[in-house]
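Here, residue 1 is the first one in the sequence, and each next residue gets the next number. Remember, it's a predicted structure, so these values are computed and weren't measured experimentally.
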Amino acid sequence: MYKSYSYDELQIGQKASLSKTITDEVNRAFGGEAGESSAIHSDDEFAKNNMFGGRIAYGMITGGLIGTVLGNLLPGLNTIYLKQSLEFTAPVYINDTVTVEVEVLEKLGNNNVRLSTIARNQHGKVVVKGEAIVKKLN
């Protein structure tokens with residue numbers, strides 16, 4: 001599942017994507033590793049009475065999936081994160097399948113690239129959107 005494009009090979013409009021189901025196990029493992037245990041993410045009883053009507057996944061799981069696409073698919077291996085904006089537009093619930101897509105928007109020079117980053121759930125609803133700037137080490 002690894003690809004690598006040199007800076008010169010990257011094309012405006014080029015895209016790559018990855019899908020993952022955010023299971024209870026994935027969510028709890030992330031929370032444990034991050035040392036975060038907010039009840040909205042970890043307690044079914046608490047979460048059923050909140051504005052989302054149930055337990056939601058940690059937002060940075062989706063952020064991590066964006067990083068996976070950038071580092072493994074587009075631009076791929078030897079890519080360094082410089083900047084990322086994230087807007088969380090809808091919740092990701094436990095057992096949702098999230099598809100992350102990145103698209104090359106602009107080659108900034110000095111091997112820096114600006115990319116659109118967007119994540120949708122299995123219903124096509126945008127759950128996270130933003131932009132990244134990365135440096136491609138060739």
Side-chain angles (χ1 to χ4, degrees):
M1 157 160 109
Y2 301 105
K3 294 185 179 178
S4 186
Y5 297 93
S6 72
Y7 180 81
D8 292 337
E9 292 173 318
L10 294 171
Q11 301 294 316
I12 306 304
Q14 189 174 359
K15 296 180 182 181
S17 65
L18 172 75
S19 296
K20 182 169 182 71
T21 300
I22 311 304
T23 64
D24 181 58
E25 181 178 314
V26 167
N27 193 62
R28 289 188 188 277
F30 182 90
E33 289 298 318
E36 216 259 271
S37 59
S38 173
I40 193 70
H41 304 299
S42 62
D43 184 329
D44 286 317
E45 191 61 32
F46 171 84
K48 73 179 181 184
N49 296 315
N50 72 55
M51 64 188 258
F52 302 114
R55 196 158 51 98
I56 60 172
Y58 292 99
M60 289 312 295
I61 294 173
T62 303
L65 293 174
I66 292 169
T68 298
V69 175
L70 293 171
N72 292 347
L73 300 174
L74 183 70
L77 301 176
N78 301 316
T79 296
I80 305 297
Y81 245 134
L82 299 178
K83 184 177 180 181
Q84 174 74 59
S85 67
L86 296 173
E87 181 181 347
F88 298 93
T89 57
V92 173
Y93 293 95
I94 305 306
N95 294 317
D96 275 359
T97 298
V98 174
T99 300
V100 170
E101 181 179 84
V102 302
E103 178 181 355
V104 176
L105 296 176
E106 183 179 9
K107 294 169 77 172
L108 301 170
N110 198 27
N111 287 355
N112 293 337
V113 183
R114 185 171 66 94
L115 303 107
S116 166
T117 59
I118 192 162
R120 293 179 175 85
N121 66 16
Q122 68 274 14
H123 306 295
K125 184 173 182 99
V126 174
V127 296
V128 176
K129 62 183 177 178
E131 286 190 2
I133 296 178
V134 300
K135 179 175 283 296
K136 181 62 182 163
L137 305 177
N138 291 334

Min side-chain heavy-atom separation Asp96-Thr21 under 4.5 Å: no

Shortest non-hydrogen separation from Ser17 to Val69 and the atoms involved: C-CG2, 4.4 Å

Stepwise side chain to side chain contact (heavy atoms under 4.5 Å, CB included) check, Leu18 with Thr68: CA-CA 8 Å; Leu18 172 75; Thr68 298; 3.7 Å; yes

Which atom of Glu9 lies closest to which atom of Tyr5, heavy atoms considered: OE1-CA, 3.3 Å

Hydrophobic cluster identity match, Tyr7 and Leu74, side-chain contacts under 4.5 Å: yes

Asn72 side chain vs Gly76 backbone, donor-acceptor pair below 3.5 Å: no

Pairwise distance NZ(Lys129) to CD1(Ile66) - rounded to 0.5 angstrom: 12.5 Å

Rounded distance [0.5 Å steps], CG in Asn49 versus CG in Asp43: 10.0 Å

More than 12 heavy atoms from other groups under 6.0 Å of CZ on Arg55: yes

Path from Val92 to Ile56 over hydrophobic side-chain contacts below 4.5 Å: no

Thr62 to Ala119 - nearest heavy-atom pair and separation: CG2-CB, 3.5 Å

Lys107 atom NZ: more than 12 heavy-atom contacts under 6.0 Å: yes

Close side-chain approach of His41 to Asn27, heavy-atom, < 4.5 Å: yes

Side chains of Val113 and Ile133 in contact at under 4.5 Å (non-hydrogen atoms): no

Contact summary for Tyr93 and Phe52, nearest pair of heavy atoms: OH-O, 2.8 Å

Same cluster (ILVMFWY, side-chain, under 4.5 Å), Val102 and Phe88: yes

Shared hydrophobic cluster, Ile12 / Leu70 (ILVMFWY, side-chain heavy atoms < 4.5 Å): yes

Spacing of CG belonging to Leu82 relative to CZ belonging to Arg114, to within rounding of 0.5 Å: 14.0 Å

Asn95 side chain reached by Thr23 side chain, heavy atoms, under 4.5 Å: yes

Student check: side-chain heavy atoms of Val126 and Ile118 closer than 4.5 Å: yes

Minimum heavy-atom distance between Thr117 and Ser85, given as atom pair plus value: OG1-O, 4.2 Å

Nearest-0.5 Å distance that lies between atom CD1 in Ile61 and atom CD1 in Ile22: 5.5 Å

Ser4-Lys136 side chain donor-acceptor pair, cut-off 3.5 Å: yes

Donor + acceptor pair across side chains of Thr97, Ser19 (<3.5 Å): no

Value rounded to 0.5 Å, distance of CG in Asn78 from CG in Asn111: 11.0 Å

Hydrophobic cluster identity match, Tyr58 and Ile94, side-chain contacts under 4.5 Å: no

Separation of Leu115 CG from Gln84 CD (nearest 0.5 Å): 9.0 Å

Arg28/Asp24 salt bridge by N-O under 4.0 Å criterion: yes

Residues Asn112 and Lys135: side-chain donor-acceptor under 3.5 angstrom: yes

Validation row: Lys83, Val134 side chains within 4.5 angstrom (heavy atoms): no

